[in-house]
**Q** 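Quick one: the structure is below, and I'll ask about it shortly.
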Amino acid sequence: KAGVTQTPRYLIKTRGQQVTLSCSPISGHRSVSWYQQTPGQGLQFLFEYFSETQRNKGNFPGRFSGRQFSNSRSEMNVSTLELGDSALYLCASSNGQGAHEQYFGPGTRLTVT
Amino acid sequence: SQKIEQNSEALNIQEGKTATLTCNYTNYSPAYLQWYRQDPGRGPVFLLLIRENEKEKRKERLKVTFDTTLKQSLFHITASQPADSATYLCAPRGTGGGNKLTFGTGTQLKVEL
């Protein structure tokens, strides 16, 4: 099975711009979660989508949003970028049931200048 | 508030020795606890899951224990190798609530020749 893929892998944006990141989960996985990782805050949960519905949300401002399509692919959007949004954004997929492990993608490295 | 603590100091050990990493949690009653490995610039990789009614779980050179009284999990790597050098993350979670994972800060392990 192909793993979780994320595009783009690297991105440089300017403050005030917006950005859209994409994630394709493992085939058959219906749950997609997004995480932000920074040296200072570690790995923090952004939100989870399951069958096109947001099932969980972390403590991030409304500038961070996401969606999931019928084929389980997901996108996350960050509007009005701030310098502090520079981070590694990770997407993880799972079959969405029970305590099953999550499979992470390689991440998108976002740099805001 | 819920808190997850892992050894903040990097752990340096000699090849062939057993590495022991600690995960302590407070204000949590997790039903499961997961351990992940993360290499620099890459997404975490699932290693092991242990349930609250399991005292110990093994997989090849890896062993995890879960003490719900002490609110602690220990992660052991026996006969450690330089290739085991990475950051190890724990993520306790309850039942339900979808796939939201809250990770510890991670412990960086370095295995030296």
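Every heavy atom of this structure was used, including side-chain atoms; hydrogens, water molecules and symmetry mates were not. Per chain, numbering begins at 1; letters A, B, ... match sequence-line order.
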**Q** Checking heavy atoms, do the side chain of A:F47, its backbone, both or neither come under 4.5 Å from chain B?
**A**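 Nothing of A:F47, per the 4.5 Å heavy-atom cut-off to chain B.
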
**Q** Report the distance from atom OG1 of B:T105 to atom CG of A:L43, rounding to the nearest 0.5 Å.
**A** 11.0 Å

**Q** How close do A:Q102 and B:F46 get, counting heavy atoms only, and between which atoms?
**A**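 Minimum heavy-atom separation between A:Q102 and B:F46: O-CB, 4.1 Å.
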
**Q** Could you pull out the closest heavy-atom pair between B:K100 and A:E48, with the gap in Å?
**A**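 Taking every non-hydrogen atom into account, N-OE1, 4.3 Å.
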
**Q** So for A:Q37, is it side chain, backbone, both, or neither that comes closer than 4.5 Å to the heavy atoms of chain B?
**A** side chain

**Q** Above 12 or not: heavy atoms from other molecules or residues under 6.0 Å from CG of A:N59?
**A**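 12 or below, so no.
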
**Q** Flag yes if more than 12 heavy atoms outside B:Q108 fall under 6.0 Å of its CD atom; otherwise flag no.
**A**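 No, not enclosed.
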
**Q** For atom NZ of A:K57, decide whether the heavy atoms of other residues, nucleotides or ligands shown that lie under 6.0 angstrom number more than 12.
**A** yes

**Q** Got A:E101 and B:Y36 here, is their nearest side-chain heavy-atom distance under 4.5 Å?
**A**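 The answer is yes, as the side chains (C-beta and beyond) meet within the 4.5 Å cut-off.
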
**Q** Of the listed residues (A:G42, A:S33, A:P106), which shares the most heavy-atom pairs with chain B below a 4.5 Å separation?
**A** A:P106

**Q** Considering residues, nucleotides and ligands other than B:R42, do more than 12 of their heavy atoms fall under 6.0 Å from its CZ?
**A**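 Atom CZ in B:R42 is not packed in, count stays at 12 or less.
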
**Q** Please check if atom CZ in A:R63 has more than 12 non-hydrogen atoms from other residues, nucleotides or ligands closer than 6.0 Å.
**A** yes

**Q** Taking every non-hydrogen pair under 4.5 Å, which of B:P44, B:G43, B:G41 racks up the most with chain A?
**A**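 Among B:P44, B:G43, B:G41, the one with the most close pairs to chain A is B:P44.
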
**Q** Can you tell me if B:L70 has over 12 outside heavy atoms packed within less than 6.0 Å of its CG?
**A** yes

**Q** If two hydrophobic side chains count as joined below 4.5 Å and joins carry through other members, does B:F66 share a cluster with B:L49?
**A** no

**Q** Between B:L48 and chain A, which part of the residue has a heavy atom less than 4.5 Å away: side chain, backbone, both or neither?
**A** neither

**Q** Which heavy atom of B:Q38 sits nearest to which heavy atom of A:L88, and what is that distance?
**A**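 So the minimum-distance heavy-atom pair works out to NE2-CD2, 4.5 Å.
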
